[in-house]
Each structure stands twice: as C-alpha cells, then as structure tokens.
Number of protein chains: 2
Amino acid sequence: MSMDSVCPHNNTFHCGDCRMNALCLPLALQTKEVERLDEIIQRGKPLQKDHHIYHAGEEFDSVFAVRSGSIKSYTISNSGQEQVTGFHLPGEIFGMDGIGQNRYTNSAVAMETSSVCEIPFNRLQELSIAIPTLQRHFFQLMSLEITGDQQLLSLLSKNTAEERVATLLMSISNRNFRLKLSATRFRLPMSRADIGNYLGLTVETVSRVLSRFQKQALLKVDKKEVELLNLDKLRELAN
Amino acid sequence: MSMDSVCPHNNTFHCGDCRMNALCLPLALQTKEVERLDEIIQRGKPLQKDHHIYHAGEEFDSVFAVRSGSIKSYTISNSGQEQVTGFHLPGEIFGMDGIGQNRYTNSAVAMETSSVCEIPFNRLQELSIAIPTLQRHFFQLMSLEITGDQQLLSLLSKNTAEERVATLLMSISNRNFRLKLSATRFRLPMSRADIGNYLGLTVETVSRVLSRFQKQALLKVDKKEVELLNLDKLRELAN
DNA sequence: CGGCATATTGAACCTGGTCAAGCGGAGTGG
DNA sequence: CCACTCCGCTTGACCAGGTTCAATATGCCG
C-alpha cells in the first residue's frame, strides 16, 4: 500500500509509518526507541473546524503534533482582546507554553478539519530520561520556539505592514515546501482577521497590502487561494 | 558571617550559599543535589559594562544566571538592525535561545558592572537525567521564556506607547520587589535607546512618554533614576 | 576644558488605524 | 427556489499616534 494513497485523517497509523515522522521525531532515534515513543502517543484525534484542542487556563498534560490540517494558537490579553500567537502546520508541535505553569496559557483551535497526535508530557519526560536524544530534541524544539517568537518580535517592532505580510507568506511557502507541497500555490488556512491579529495589523491593512501586491504582480489572491508570482521580490521584502 | 554583608561580585560563593539560590535553582532540590549542581557551575565571572558574554553565531555550550548587575540580549535582524530581546536581572537565566541550533542566536552584553554564573549545558543535561526535578525545572524555565515572549508580542502588536512604557516599568518594579529591593525607587540599567528598541518605539517617543508621565505625577525621572509615584495608575496602564 | 554620546523638546510628515459603505458567497427559512 | 441575513473581505476618505528631522540641553570621560 502506497503511503500517499492513505487518507491523512486515518488514525490507525503508528509513528514509524507516519509521513510526518521525519519532522516531529528526533532524527537519531533507534527503531526500538520509536516504538517506545509510539506507545505513549495517542494518535488520530480528528477535529472539525473551530473545535478547540484546549483552552487557556486548563491543566496542562500534553503537547500535540499536527498530523493534518492547521491549528491556531491564541491568548486573551488581560485587557480582554485576542492575540494570535501562532499557526501550526502538519509536522509541527504546539502546546509547549503550558509546561511552565502547568496550565496552558494559549488556547488552540482547528482552523479547518484537522487531526493531531497527543503526547502526554509526563510520559515524555520519563522517556526523556531513558532516551537522552529525546530530551535533547525537546530542549531544541522549545528553544526554536523561543527564537521563532523573538524573530516575530523583531518583525512587529521594526517592519512595515508590507514586510510583515510578505514575511508570513514566505514562511508559509517555506513550510509548504518542507511538506513537499507547492511553495507558490496554496490556500491560506486562516482568515484575514487572524493574519492581521498575528501581525499586529488591522484586517483592512492586510487586505490593502494583498491588493497592492497583486497590482504589482507579486502574487495573485482570490479569497484564500494564493499564487506567489515573484518570489525574489517577496523574499526581499521579507528579508 | 551575614550573607547581606558580602560583596555581590564576590566569586567564591557556592550555590548553596548564594542569595539568588531560591530564584535560579529548582525549589525541590535536595542538599546533595545542590552540591552536584554546584560542581558543574562556574561561578563568578565579573564583567565590566559593555563586555559581551557571547555573540550571536558563536557555538552554544552554556546557559548563564545573572548574579549581580544586568544583562541585555539582542539580535541583529537580517536587515542589519539591532533588536533588543530581553533585559536580565539578578536570579534570571539567559542563553537558552542557543539550544535549538547549537549556536547563540542572540548576543549578550553587560549593561553595567555585573557578574554571572556559567552553566555548561551538556553537563546540565546529564545531570537532568539523574535529577528529574532538574529536567522539569529547565523545561519550565524555557516554557516561561516562551510565554514571556508571547506577552511581549501582544504588547507590541496591540498597545500604545504609554502602555508599553508603563508595562516595562511595572515589570522592572515587580522584579525588583522579588529581589527584595524597592519596587518604587530604582535605577534603570538601560539607555532610552534600549528601552525604545525593546518596545518597538523611538528614543524620542520614550523620552516624551516619560516626560508626560512626570507631568501627570505618575512618576519622577532624573536620567536613569526613577521613582514611581502612582503605582495604581501605572498598573492600570500596563494592564 | 573640550568633545562625543545621551536625552529632551519642537514641528512637519506619513503609515497605518478608524469609520463607513458596498460586495459576494454561504446558510436559512418562508 | 428565491429572498434575506450574516459574515468575511475589499475599498475609500479621513484622522491620529508615532516617526523623522532638527535644534538644544546635559552629562561623561579623556
């Protein structure tokens, strides 16, 4: 049976067979070790659009890996407004914000029909002691999350609306490429409001920037479908 | 000998005696375990103002704890401009951004005469396997760094100049309180330029906001010396 | 004392926000 | 099946907070 013929929402997979394997698992893991990891992971979990995986404030017990679809993380600031903190595509891990205080500080919601793998953190910690590579891998994942947030900080504090939107587009393009999907034609899983919220802009500004990009023939947008026409220029804007 | 009479730059201390103890060590550590941790930590390291602890791009091998003074972390964005990513006060850990890629992504520099403890990360990882509490503690520290950065994201993308400056002031006030220093009178260790850079504002705006706060009798500023006069109003602005 | 970095203040400008109107597709009910 | 509404998106006109540019303190270190 060809892997590519399998429905991505199929939940009978084991990690060893999963096509996301190379992305969410530490590369240097032995087959035996993968099996042990496999035992603690709860696979499947198909989710409808708008269904929450967890809410901010709930007790933390697991981190999650996206299998298919896309997930949005967001917090409610103390002034009561939503702040989108991340978009998670297949092969990416989310939920690590909960470790510090033993409760999630973000909420996580499916932006479309999705499926995620749940990884109980206690068991993961135990296993990390037996498999040092795994401990190292998780330290690395968390560190990458830190540096990612810091790049975003820099983007928000120093860059124009056009640069911010271009950066997000290039980020999604690159992540699609990693997933062996098209880097130039794809569907944005999130709304304009989510994009704006994430980038510190209003819906109107996001819309205007996209229109401007289209006029300059940098891309074509139709609703959520995007085709990037001038990667060089977009990359330059994203810098 | 009273601990408070000891010079804070003294480098003959052991972790068990260090007054920062309660802040940078996992709380539930046994005395025996503290001793083992103590063995791997290189204490002391007195630093002059403007001396770098590491530069972005250098190979990562240690994280650091501030013993005294204050440290600034910053990155150079690919467009070549500096982005301040954090200010570190006594008892706080920095350098965890380096774990992900095995090289530091930030540079770290002393903003005044300071001293830091160096914690070799390899040895820390080994020790984490023997002391699960320690592993847990480091996962928590990193997670807190993530949530901290995310709060900052929200601040930069949603709040006005006044709210940003008030938030920074309250943050420093709270951290001083934790250090058993005055929460209302203190010296800002960083320049206006650093504040502005960190908060996504220009020097001029920072200066104007501080002047405005002073006119409204929320605080008194004289150069780097600050006295907070109306904590309630400032806290409200910081929300 | 002189020179250079840091901070403050003022005036003009501009990017992105706000407010408002209109479009178009999806879902609903008569 | 069509009319109606709701919601997400786009576009325009105006406004404002913060940047930019410039001039002037203030202070530090040789």
Side-chain angles (χ1 to χ4, degrees), chain A residues 48-50 70 72 79 81-84 109 111-113 154-169 187-216 218-226 237, chain B residues 48-51 72 79 81-84 109 111-113 154-169 187-216 218-226 237:
Chain A
Q48 301 293 319
K49 178 170 155 62
D50 294 333
S70 51
K72 173 179 88 168
S79 44
Q81 48 197 348
E82 179 174 327
Q83 168 69 41
V84 174
V109 63
M111 294 191 291
E112 60 190 311
T113 306
S154 180
L155 188 71
L156 293 194
S157 86
K158 302 273 185 309
N159 294 79
T160 63
E162 294 199 348
E163 291 165 341
R164 296 184 208 185
V165 173
T167 301
L168 177 61
L169 291 172
R187 186 183 148 78
L188 296 172
M190 71 293 281
S191 68
R192 298 285 189 272
D194 285 337
I195 295 176
N197 189 308
Y198 179 67
L199 295 175
L201 301 169
T202 58
V203 194
E204 293 93 325
T205 301
V206 173
S207 182
R208 274 187 256 270
V209 168
L210 288 175
S211 300
R212 217 176 303 152
F213 281 172
Q214 181 156 267
K215 246 172 230 140
Q216 301 169 224
L218 301 186
L219 49 74
K220 277 177 60 180
V221 257
D222 178 39
K223 246 192 92 60
K224 308 213 160 183
E225 295 297 332
V226 184
L237 276 171
Chain B
Q48 300 294 318
K49 178 169 155 60
D50 293 333
H51 268 221
K72 172 180 89 168
S79 43
Q81 49 198 349
E82 178 174 328
Q83 168 68 43
V84 174
V109 63
M111 294 191 292
E112 60 190 312
T113 305
S154 180
L155 189 70
L156 293 194
S157 86
K158 303 272 186 309
N159 294 79
T160 63
E162 294 198 350
E163 291 164 341
R164 297 184 208 185
V165 173
T167 302
L168 178 61
L169 290 173
R187 187 185 148 77
L188 296 172
M190 70 293 279
S191 68
R192 300 285 189 272
D194 285 337
I195 295 176
N197 188 309
Y198 179 66
L199 296 175
L201 302 169
T202 58
V203 195
E204 292 93 325
T205 302
V206 173
S207 182
R208 275 187 255 270
V209 168
L210 288 174
S211 301
R212 217 177 302 152
F213 281 173
Q214 181 155 267
K215 246 173 229 138
Q216 302 170 223
L218 301 186
L219 49 74
K220 277 177 61 180
V221 258
D222 177 39
K223 241 195 91 61
K224 309 214 159 180
E225 295 297 332
V226 184
L237 277 171

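All heavy atoms count here, side chains included; hydrogens, waters and symmetry mates do not. Small disclaimer: the values here were computed from a predicted structure and weren't measured. A note on names: the letters A, B, ... follow the listed sequences, proteins ahead of strands, and every chain is numbered from 1.
What separates CZ of A:R192 from C1' of D:dT10 is a distance of 9 Å, to the nearest Å. The distance from atom CZ of A:R187 to atom C1' of D:dG8 is 13 Å, rounded to the nearest whole Å. In this structure, CZ of A:R164 is placed 12 Å from C1' of C:dG17, rounded to the nearest angstrom. The separation between B:L188 atom CG and C:dT6 atom P is 16 Å, rounded to whole Å. Distance, B:N197 CG to D:dG18 C1': 16 Å, rounded to whole Å. The nearest whole Å value for the distance from the CD atom in B:E163 to the P atom in D:dG17 is 12 Å. Rounded to whole Å, atom C1' of D:dG17 lies 17 Å from atom NZ of B:K158. One interatomic measurement links the two molecules: CE of B:M190 to P of C:dA7, which rounds to 11 Å at whole-angstrom precision.
For A:T202 and C:dG17, the shortest distance from a side-chain N or O to OP1 or OP2 is below 4.0 Å. An OP1 or OP2 oxygen of C:dT9 is reached within less than 4.0 angstrom by a side-chain nitrogen or oxygen of B:S211.
Counting any heavy atom pair closer than 4.0 Å across all strands shown, B:T205 reaches a base atom. At the heavy-atom level, A:G200 lies under 4.0 Å from the strands shown only through sugar-phosphate atoms. Across all strands shown, B:L201 has heavy atoms under 4.0 Å from sugar-phosphate atoms exclusively, and none from any base.
Along DNA chain C, the nucleotide nearest to A:K223 and the one nearest to A:N159 differ in position, and the one closer to the 5' end is contacted by A:N159. Of the two residues contacting DNA chain D, namely B:R212 and B:E204, the nearest-nucleotide position lying further toward the 5' end is that of B:R212.
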Check the pair A:L201, A:V165 against side chain to side chain contact (heavy atoms under 4.5 Å, CB included), reporting the backbone distance first and the verdict last. CA-CA 9 Å; A:L201 301 169; A:V165 173; 4.2 Å; yes
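Between the base of C:dG10 and the side chain of B:R208 there is a donor-acceptor pair shorter than 3.5 Å.
With hydrogens and angles disregarded, a donor-acceptor distance shorter than 3.5 Å links the side chain of B:E163 to the backbone of B:T160. In this structure, the side chain of A:R192 engages the main chain of A:K223 through a donor-acceptor pair within 3.5 Å. Of the possible donor and acceptor atoms, none in the side chain of A:E112 sits under 3.5 Å from a partner among the backbone N and O of A:P189.
In this structure, B:K224 places its NZ atom where more than 12 heavy-atom neighbours from other residues, nucleotides or ligands lie under 6.0 Å away.
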